Structures are given as structure tokens and as C-alpha cells.
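Accompanying notes for the structure given below.
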Amino acid sequence: MLTVAVLISGGGSNLRALLDAAAESDFPARVVVVGADREADGFVHAQEYGIPTFTVPWSRATSREGWGAELGAQLAVWNPDLVVLSGLMRLLPADLVDEWSPRIINTHPAYLPEFPGAHGVRDALAAGVERTGASVIVVDHGVDSGPILAQERVPILPGDDEHALHERIKPVERRLLIDVVRRIATGALVLPSPAQ
Ligand code: GRF
């Protein structure tokens with residue numbers, strides 16, 4: 001059974017989907033802990049499943065490295081096989097990435113390498129393109145630049161605003177994430193190491 005730590009910042013709808021999938025008896029992975037950089041609303045999903053949570057508050061951090069070291073110490077307590085960044089809105093320091101990569105993956109609401117960064121949905125709309133997408137990647141030292149594990153296109157519809165488009169992308173992100181975690185757990189997907 002693959003053990004997974006999930007890191008979030010927000011509502012945790014992708015976390016919820018992963019928890020629901022992991023509750024199925026034939027799913028080959030289970031979430032052992034959920035962490036966040038603040039008191040995230042999404043903790044409610046972990047609590048519902050009786051899964052422990054931890055917070056490493058960004059607001060109290062004096063440096064990215066210090067914050068990352070504290071986060072790394074928390075992860076070491078649980079020692080998961082895989083770390084899933086699911087809406088964690090923070091860049092991880094290089095040391096932490098080096099420690100975990102390629103066993104650390106991220107979901108992104110755009111078809112990478114198109115529209116990396118914190119505003120992938122907004123940037124796709126601003127670019128006036130007809131389609132964007134969702135991606136699951138291995139975390140590397142860059143911003144959403146690691147090896148792509150899965151991705152799928154999502155059309156942009158007339159009248160879409162950022163919220164409407166993001167809400168249509170998220171179900172695709174969830175499906176891709178669950179599938180990637182399942183394939184990692186069964187050995188069908190071997191995580192590629194990012195280029196140094
Ligand atoms: C997802 O689209 C994620 O990729 C992005 O923020 C969203 C997280 O939403 N960075 P939620 O917290 O899972 O609802």
C-alpha cells in the first residue's frame with residue numbers, strides 16, 4: 001500500500017477527491033497525513049476521514065528555508081512514500097525538493113508548459129487561447145517545470161471567467177491525480193527524476 005502525504009493551502013477539493021478514491025477497498029494508496037501552510041479550510045476533509053493534519057504557518061516563517069526545514073521535519077515524522085502538492089500555494093526550497101523529488105508531485109490547472117505559476121487559469125484566459133488544460137507533474141527546482149506525468153486539454157468556452165473555467169478544470173485535475181497516484185502505487189508509472 002502506497003502511503004501519501006497531501007499538502008494544501010485552500011479548500012482541498014482535489015484532496016477530497018483523493019480521499020474518496022482512497023476509501024475504496026481496491027485503491028492501492030492511502031493518505032496518512034494532510035499538511036498546510038495555514039489553517040486551511042480543506043482540513044475538514046481530512047478530519048472527516050480521521051486523518052491527522054499539521055500546519056507549518058507561512059505567516060510565522062522568517063525564511064523560505066526555515067519554513068521548508070520545518071515542513072521537511074513534519075514529513076519525516078510520517079515518512080510517506082509520496083508527497084502530493086494539491087493546491088499548496090508556496091514554492092518549496094531547493095533542499096526539500098532535493099530530499100523528496102521525484103517522490104513529490106504537483107497538480108496544475110493548465111496544460112504545462114503553458115501557463116505555469118500561481119495564476120495558470122487567469123493567464124490562459126488573458127492569452128485568449130481556445131483551450132487550456134490540467135497537468136500532474138514531478139516537482140523540480142523550477143515553477144511547474146518538472147517532468148509531466150499526465151495532462152489533458154480543457155476547452156475555454158465563450159463567457160468563461162476565471163472561476164467558471166477553474167471549476168471545469170478541477171474535475172479533470174482530480175481524475176488525473178487519482179489515476180497518477182494509482183499508477184504509481186501499482187508500479188505502472190515509474191517516477192522520472194527531473195533533470196538537474
Ligand atoms: C487546484 O486547481 C490546484 O491545481 C491549484 O489550486 C487548486 C486547488 O483547489 N493550484 P482545491 O484546494 O483542491 O479546491
Side-chain angles (χ1 to χ4, degrees), residues 4-23 29 31 33-49 51 53-59 64 67 71 82-92 96-97 100-101 104-127 129 131-140 142-157 160-182 184:
V4 181
V6 183
L7 301 180
I8 62 171
S9 290
S13 63
N14 289 350
L15 162 70
R16 175 72 197 206
L18 186 57
L19 290 170
D20 290 344
V31 178
V33 70
V34 176
D37 61 338
R38 64 193 77 180
E39 281 306 317
D41 291 345
F43 277 163
V44 68
H45 305 299
Q47 283 149 4
E48 214 176 291
Y49 276 102
I51 291 168
T53 61
F54 68 80
T55 309
V56 182
W58 176 260
S59 57
R64 184 174 308 279
W67 175 79
L71 183 58
L82 180 72
V83 178
V84 173
L85 309 188
S86 187
L88 179 75
M89 300 304 280
R90 299 283 160 210
L91 287 180
L92 299 180
L96 194 61
V97 173
W100 286 93
S101 196
I104 180 164
I105 66 174
N106 189 22
T107 65
H108 184 72
Y111 199 88
L112 292 168
E114 299 168 7
F115 311 117
H119 304 293
V121 180
R122 190 186 307 173
D123 293 346
L125 278 172
V129 293
R131 51 190 200 148
T132 180
S135 306
V136 180
I137 61 170
V138 173
V139 176
D140 72 356
V143 177
D144 300 321
S145 55
I148 293 166
L149 302 173
Q151 58 186 169
E152 194 173 309
R153 285 291 185 185
V154 175
I156 297 179
L157 303 180
D160 262 350
D161 60 12
E162 187 176 354
H163 178 75
L165 179 56
H166 202 170
E167 287 307 306
R168 262 204 344 281
I169 292 171
K170 278 185 178 184
V172 179
E173 264 189 281
R174 288 171 203 149
R175 182 159 42 72
L176 293 178
L177 174 63
I178 290 165
D179 185 54
V180 163
V181 171
R182 180 189 287 114
I184 293 169

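First listed ligand is number 1; within each ligand, the first listed atom is number 1. The shown structure was predicted, so the numbers you read here are calculated from the model rather than taken from an experiment.
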Partners of D37 by salt bridge (Lys or Arg N to Asp or Glu O under 4.0 Å), sequence neighbours excluded? R90
Within the protein, residues bringing a heavy atom under 4.0 Å of ligand 1, chain by chain: G10, G11, G12, S13, N14, G87, M89, T107, H108, P109, H166, K170, E173
Below 4.0 angstrom, N of the basic side chain to O of the carboxylate: do E167 and K170 qualify? yes
Checking E48 now: which residues fulfil side chain to side chain contact (heavy atoms under 4.5 Å, CB included) with it, not counting sequence neighbours? R16
Mind checking side chain to side chain contact (heavy atoms under 4.5 Å, CB included) for R175 and listing every partner two or more places apart, or none if nothing turns up? E152, V172
Tell me whether the guanidinium CZ or amine NZ of R131 lies under 6.0 angstrom from the six-membered ring centre of Y111 and within 45° of its axis. no
Atom CG of L88 and atom CZ of R38: how far apart are they, to the nearest 0.5 Å? 8.5 Å
